[in-house]
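None of the values given here were measured: they were computed from a predicted structure. Within every chain, numbering begins at 1; the chains are lettered A, B, ... in the order of the sequence lines, protein sequences first and strands thereafter.
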2 protein chains.
Amino acid sequence: MANQLNLRIDRSSPVPLYHQVVQGIEAAIHTGLLEPGSRLENEIDLAAQLNLSRPTMRKAMDELVRSGLLVRKRGVGTQVVSSQVRRPLELSSLYDDLSNSGSKPTTDVLSFSHEEADASIRKALQLPAGAKVYHFTRLRKVGGKPLALMENWVRDDITTIDEASLASQGLYGILRNGGVNFRLASQRIGAMIANDYQAPLLETTAGSALVTMERTAVDDTGRMVETGHHAYRADSYSFEMTLVQR
Amino acid sequence: MANQLNLRIDRSSPVPLYHQVVQGIEAAIHTGLLEPGSRLENEIDLAAQLNLSRPTMRKAMDELVRSGLLVRKRGVGTQVVSSQVRRPLELSSLYDDLSNSGSKPTTDVLSFSHEEADASIRKALQLPAGAKVYHFTRLRKVGGKPLALMENWVRDDITTIDEASLASQGLYGILRNGGVNFRLASQRIGAMIANDYQAPLLETTAGSALVTMERTAVDDTGRMVETGHHAYRADSYSFEMTLVQR
DNA sequence: GTCAATAGTTTGTCCTGACATTAGGATGTT
DNA sequence: AACATCCTAATGTCAGGACAAACTATTGAC
């Protein structure tokens, strides 16, 4: 008890109250103020201390439980989950992930075209016959070392894409600036052996292991915006995620 | 308009009302009664039709949005997301996944021991020095064909595990019967080349691609219950998931 | 001393009500 | 006819209350 979460709620802020609580508790956990395994005060007292209603407090805790930071148990209380588990896989691009982790990614655009979509791409993006798409292949490097080989198809009725912008920023950044609000993506992760085309580009030998990902992203209007096949060097990349039981 | 969702709410059921709504809408989507892209009626009317309050209706829709089946847009309405995207990766075992998809998995227990945990396992499971764990290796087959090679370590202060039960059911089933309530798991997915030990067991050749997964699972009391390294034949298995932007 | 009934605490569910914010269409003016 | 403005409809946020269900710990009985 005496948690003293040091939370301050700014009612004049445009940020929703429950989200301010989420951010506050997240910060408390990350700074170590709330230790793993420690119990929080009960919802009603916490809400009262912050002059919030219980539903608002509960909504905040719901989010934290969903993201795996807290664990609730009826009749017992709410605990900070033992740390060491990572954040869930987010709907972000490789470029963002690398930038956020302090690296400076670079991109080589290996091919670029604006062409009519073939049948498989039309199916993946749910486009009518004759629709055109941007089709390009990129090589992503970090610290001069190649990490990923990416081939993508993007529908062309949203924003224009050119080779120069692809070389200077991530695809998702371009699309977001073009007004796309991503909502969800479905992806499949597997493995394959590097072939003679991939191996020299990724500066590895044919026969080495690659992690593969196929992804299709959907925006808030339900349109399939982008689909792509990516291949990563297995010795440099893996997908990390946290699954939460509901 | 006139959606006629055919939902029936049973107020005497122990299943929470919002969850009955979730199940009903899920069923409507899967049976095609609600087509991809179609708009739902607004929350207030839907709630009124089912004699529910709006918060209850919203809670149901929140779940569906979270799982990626619906998309909401303020001022506009709620849409069924274009199908073709799959369900999110769930906290379940390979055994369950295979059983649910109609296959009949079998398990060969290659090794089994009850031994003192070494330093790396103690760290992964957060155990004190001298603690003992179950350590075993299994080969999972479907239709007689090998699919996965799995090595696991399980803490021994929860339930007893023996070779016979491992051969007849999945690890998560054993642990659940032993009273473990899983809450979350963190896992990493990557790739590797089959080595001389793995290749013959998986009936493939050394040098072929494998998908690897390392997972640590936590129960509702915050204890690390299980950790393991798995290797799957890349030509037979891949991880499929849906990411939802919040 | 051991076991079962009980009381209290905490989260889970559900309700009614209110106002804010946003998107998009309708309206009116230029 | 083109444009800006207003209005409407829908979701987003927040409050306060009530009861149910589950777990803990205490109390009581044998």
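For the OP1/OP2 pair of C:dT10 and a distance below 4.0 Å, the side-chain nitrogens and oxygens of A:Thr78 include no atom meeting the criterion. Distances shown here put every side-chain N or O of B:Tyr18 at or beyond 4.0 Å from the OP1 or OP2 atom of C:dC14. OP1 or OP2 of D:dG12 sits under 4.0 Å from a side-chain N or O of B:Arg58. Listed pair A:Lys59 / D:dT13 meets the phosphate criterion, a side-chain N or O lying under 4.0 Å from OP1 or OP2. Contact between the side-chain N/O atoms of B:Arg72 and the OP1/OP2 oxygens of D:dG12 is found at a separation under 4.0 Å.
Note: CE (B:Met57) to P (C:dT16) measures 15 Å, nearest angstrom. Distance A:Asn42 CG to C:dT10 P: 5 Å, rounded to the nearest Å. Rounding to whole angstrom units, CG of residue A:Asn51 and C1' of D:dA15 are separated by 12 Å. Going from atom CD1 of A:Ile44 over to atom P of D:dG16 covers 13 Å, rounded to whole Å. If you measure from atom NZ of A:Lys73 to atom P of D:dA21, you get 19 Å, rounded to the nearest angstrom. In this structure, the CG atom of B:Asp62 is 8 Å from the P atom of D:dG12, given to the nearest Å. Computed from coordinates, the B:Arg39 CZ to D:dA10 C1' distance equals 11 Å when rounded to whole Å. Rounded to whole angstrom, the span from the CZ atom of A:Arg11 across to the C1' atom of C:dA20 amounts to 14 Å.
At least one side-chain heavy atom of A:Ile161 sits less than 4.5 Å from a side-chain heavy atom of A:Leu171.
Checked against D:dG12, D:dT24, D:dA18, the side chain of B:Glu43 finds its nearest nucleotide in D:dG12.
Residues A:Ser53 and A:Gly75 each lie close to DNA chain D; by heavy-atom proximity, the contact nearer the 5' end of the strand is made by A:Ser53.
The two residues A:Arg215 and A:Ala185 make their nearest non-hydrogen contact at CD-CB, 3.8 Å.
A donor-acceptor pair is defined here as one N or O able to donate and one able to accept, closer than 3.5 Å; no such pair exists between the side chain of B:Ser113 and the backbone of B:Glu115.
Atom CG of residue A:Asp62 and atom CE of residue A:Met57 lie 11.0 Å apart, to the nearest 0.5 angstrom.
Between the side chain of B:Arg74 and the base of C:dG24 there is no donor-acceptor pair of N/O atoms closer than 3.5 Å.
In terms of the side chain to side chain contact (heavy atoms under 4.5 Å, CB included) criterion, residue partners of A:Ser165 (sequence neighbours excluded) are, by chain and number, A:Asp162, A:Gln169, A:Ile174.
Here B:Pro16 lies in heavy-atom contact (under 4.0 Å) with sugar-phosphate atoms only.
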